[in-house]
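Structure record follows, encoded as structure tokens.
Here is the naming used below: chain letters follow the sequence lines, and residue numbers restart at 1 for every chain.
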Number of protein chains: 4
Amino acid sequence: MSPRNIIRDQRVREERIEQILNAAIRVISTKGIGAASMSDIAKATGISIGNMYHYFKSKDDIFAEVLRQGQLNYGHNLSLLEKNTELDTYQILHQFACDWLANPINWAYTIMLQSARTTVSVPHHIRQDVTDRFTVNLQPMARIIERGQSQGHVVDGDPLQLAFYFVSLIQGLTLQRAPGYEIPVSINVDQIIRLFCPL
Amino acid sequence: MSPRNIIRDQRVREERIEQILNAAIRVISTKGIGAASMSDIAKATGISIGNMYHYFKSKDDIFAEVLRQGQLNYGHNLSLLEKNTELDTYQILHQFACDWLANPINWAYTIMLQSARTTVSVPHHIRQDVTDRFTVNLQPMARIIERGQSQGHVVDGDPLQLAFYFVSLIQGLTLQRAPGYEIPVSINVDQIIRLFCPL
Amino acid sequence: MSPRNIIRDQRVREERIEQILNAAIRVISTKGIGAASMSDIAKATGISIGNMYHYFKSKDDIFAEVLRQGQLNYGHNLSLLEKNTELDTYQILHQFACDWLANPINWAYTIMLQSARTTVSVPHHIRQDVTDRFTVNLQPMARIIERGQSQGHVVDGDPLQLAFYFVSLIQGLTLQRAPGYEIPVSINVDQIIRLFCPL
Amino acid sequence: MSPRNIIRDQRVREERIEQILNAAIRVISTKGIGAASMSDIAKATGISIGNMYHYFKSKDDIFAEVLRQGQLNYGHNLSLLEKNTELDTYQILHQFACDWLANPINWAYTIMLQSARTTVSVPHHIRQDVTDRFTVNLQPMARIIERGQSQGHVVDGDPLQLAFYFVSLIQGLTLQRAPGYEIPVSINVDQIIRLFCPL
DNA sequence: TATGAATGAGCTTTCATTCAT
DNA sequence: AATGAATGAAAGCTCATTCAT
């Protein structure tokens with residue numbers, strides 16, 4: 001087999017994997033993590049159940065990868081925001097919150113993340129990895145807040161703790177947005193950011 | 001005609017029901033709502049699976065009752081705090097947050113509540129009831145905040161929205177406290193309340 | 001204990017047994033023999049499940065007794081008809097068919113009888129007893145038919161066989177009358193009897 | 001892309017379905033419709049319980065299909081007999097009765113049909129479909145009888161009603177033939193047909 | 001690689017029967 | 001006699017995973 005074919009096969013394989021992961025998060029976001037079956041994901045991907053096992057060795061494996069990519073992506077986006085020197089801290093936090101709350105897929109990620117961390121039947125290594133990446137992802141937010149404090153835009157206090165509170169608040173609000181069962185209280189992002197960045 | 005003590009039987013029955021509900025919340029808090037089986041709850045209660053159905057007509061029934069009692073209890077405690085005129089708003093919010101974060105059972109309740117609202121396989125009426133009670137339970141918190149605003153202790157803004165943010169923040173933090181997988185960032189309740197009650 | 005009390009107890013016991021048997025046939029006729037549970041029958045009788053076992057040693061025992069009494073009753077009524085010398089054979093058969101088809105309880109008995117005879121899980125002795133009593137109950141009908149033949153009212157042929165056909169026809173028609181699922185063909189009893197008693 | 005022979009797969013699948021349906025009617029005919037479990041049918045088919053659900057989505061689904069095929073087959077055979085111009089009405093009815101009573105599988109079908117129509121726990125749509133097909137299947141028999149009447153072979157009366165009586169008689173007799181519990185009265189088909197086609 | 005049939009363990013639920021009171 | 005809690009075996013069904021093709 002020519003090297004070109006090997007490379008092509010590798011690319012096809014990676015595309016398949018991405019298709020599966022996209023299907024998985026889509027299914028999870030509509031059926032919940034507990035009710036999302038291999039059959040559902042296979043159907044959503046458009047391939048057979050058996051074929052799924054050529055790309056992932058188990059259902060847990062798929063979930064772990066969905067979470068990994070979701071968290072890596074989250075961290076990446078946050079780093080980009082951190083490096084954007086055109087925005088002040090208020091604007092960064094505002095955009096972060098708006099982006100997060102606007103995208104329905106984040107609802108699914110947040111639920112998965114909480115489920116994974118709090119469910120005993122999820123394997124230890126997955127839970128640990130998720131926790132570790134969450135902790136790592138707090139760092140850029142802490143740096144953003146620290147910068148804001150040095151500019152007098154953000155309230156005093158340990159930046160890491162404030163980052164933890166801020167992210168927990170956004171996550172808490174995200175979880176409230178269950179489709180079809182909305183809490184009848186609107187969310188005012190400006191007001192939320194003002195808690196951390198008072199005028 | 002019956003040689004049974006009806007009063008005693010009734011009491012025993014109520015105790016059993018409470019044993020089951022306690023076992024259920026214990027199991028759910030360790031295995032997650034999706035993986036908590038009747039078998040698990042029966043074993044935790046110390047009775048047979050079949051006998052569970054003398055007290056609850058289905059698994060959903062148990063879950064609904066656990067949630068109902070948890071939310072009613074929460075609302076009751078919050079109302080007590082609201083009526084306590086010896087405490088100012090800062091103190092009320094501080095005690096509320098401390099109480100909530102200190103009691104490990106609240107972790108389980110918070111997980112159940114989120115699971116119930118976001119899991120499609122949970123029956124509609126349960127999800128609706130949980131959502132409704134959550135909304136109702138926001139009211140005393142909104143009144144506490146409104147009182148704080150009138151005394152100049154709390155930041156400006158719609159009291160109901162602020163209550164929603166505050167409760168979501170506390171819930172978000174609660175969910176982070178997964179036993180064995182703690183985020184290595186300590187929580188400073190005073191600092192959290194200060195976001196809403198700045199000096 | 002005085003003899004009077006023993007007799008009274010005995011009478012109470014027999015009434016209870018009859019209450020249970022009546023409840024049983026009522027439940028069976030509405031839920032079907034397969035779905036009729038001890039709990040259903042107990043509730044219909046107005047006593048507790050446990051108490052049922054003071055009067056019958058098993059569910060099969062109840063069913064067997066329902067069948068036994070139903071068949072004995074059937075045989076008794078048939079004998080009365082047989083002895084009624086005021087009616088000719090046509091009139092006897094007509095009244096028999098009308099009586100049988102008019103009383104909804106016979107529908108339940110017929111279904112039970114067929115279920116009992118054709119269901120493997122019904123104990124052997126019950127099935128045998130039902131079959132034996134059915135066979136015995138053919139005799140008075142055969143005698144009625146034989147008498148009719150000697151008077152020239154009934155078609156020729158072995159009286160027992162004709163009795164068998166006649167009863168099977170009535171039973172077959174009875175089974176068709178499933179409440180809510182009637183066959184839209186009316187039954188003309190005169191026409192049926194005329195098959196056996198041509199003008 | 002698939003290394004499977006789709007044509008062959010489809011054929012194998014259809015064979016499996018037929019195997020299951022055959023096993024089902026076999027089990028039902030020995031245990032009764034109420035006691036026939038998926039486990040029994042699976043064992044009789046020689047496959048696992050879980051695998052049954054690749055071919056039928058529920059137990060009811062299997063029963064419905066068994067009944068449907070049985071009734072369609074019955075109607076088809078009856079239509080063939082109706083179109084056979086070489087036989088007169090007596091001969092047609094005679095052959096119909098002989099065929100039906102000779103084939104033991106008809107005993108099973110008749111039991112299933114009656115059970116389905118008279119058992120409350122059987123879903124409504126199945127009961128309705130069975131009733132409807134039974135009614136439809138009365139039509140060819142009514143036409144056969146009507147033709148016989150116009151030739152003076154059959155007794156007077158509404159042909160549909162007579163068809164109903166005739167079929168009920170044959171069904172009633174069929175149900176009597178419980179293997180191992182036979183009523184000790186022989187059946188003379190000629191004599192039965194003579195009730196409807198007197199000399 | 002791709003398929004979907006096949007399996008087996010697990011789930012929730014029902015129910016006849018027993019038992020302590 | 002009377003109660004209903006308790007049990008355990010069975011039911012129908014689901015699903016992650018394996019396997020032959």
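In this structure, CG of B:Asn51 is placed 16 Å from P of F:dA9, rounded to the nearest angstrom. Atoms CD1 (C:Ile49) and P (E:dT14) sit 13 Å apart, rounded to a whole Å. C:Ile62 has its CD1 atom 15 Å from the P atom of E:dC15, to the nearest Å. With rounding to whole Å, B:Gln19 atom CD is found 14 Å from F:dA5 atom P. Atoms CE (D:Met38) and P (E:dT7) sit 14 Å apart, rounded to a whole Å. For the pair D:Ile6 CD1 and E:dG4 C1', the computed distance is 11 Å after rounding to whole Å. Whole-Å rounding puts the A:Asp40 CG to F:dA16 P distance at 8 Å. As a whole-Å value, the separation of D:Arg8 CZ from F:dT21 P is 8 Å.
Side chain to side chain, C:Gln19 and C:Arg16 meet the donor-acceptor criterion of an N or O pair below 3.5 Å.
The residue among A:Val12 and B:Lys57 whose nearest nucleotide of DNA chain E lies closer to the 5′ end is A:Val12. Taking the nucleotide of DNA chain E with the nearest heavy atom to each of C:Ala35 and A:Gly50, the more 5' of the two is matched to A:Gly50.
Between E:dT7, F:dA5, F:dA16, one nucleotide has an atom nearer to the side chain of D:Ile47 than all others, and that is E:dT7. In the set F:dA1, F:dC13, E:dT1, F:dA1 carries the atom at the smallest distance from any side-chain atom of C:Arg13.
Side-chain atoms of A:Lys31 never come within 3.5 Å of backbone atoms of A:Ser37 as a donor-acceptor pair (strictly under, hydrogens ignored). One N or O on the side chain of B:Gln71 and one on the backbone of B:Val130 form a donor-acceptor pair closer than 3.5 Å.
Put simply, C:His54 has a side-chain N or O that comes within less than 4.0 Å of OP1 or OP2 on F:dA1. Look at D:Ser37 and you'll find a side-chain N or O under 4.0 angstrom from OP1 or OP2 of F:dA11. Taking side-chain N and O atoms only, B:Arg16 has no distance below 4.0 Å to OP1 or OP2 of F:dA5. A:Tyr53 has a side-chain polar atom (N or O) that falls below the 4.0 Å cut-off from OP1 or OP2 of F:dT17.
Counting any heavy atom pair closer than 4.0 Å across all strands shown, B:Tyr55 reaches sugar-phosphate atoms only and no base atom.
One finds no salt bridge joining C:Glu14 and C:Arg11 here, because no Lys/Arg side-chain nitrogen approaches an Asp/Glu carboxylate oxygen to under 4.0 Å.
Pair check for E:dT21 finds F:dA2; Watson-Crick or G-U wobble, both atom distances under 3.5 Å. Applying the Watson-Crick and G-U wobble criteria (two distances, each under 3.5 Å), F:dT14 pairs with E:dA9.
Around CD of D:Glu18, the count of heavy atoms belonging to other residues, nucleotides or ligands within 6.0 Å does not exceed 12.
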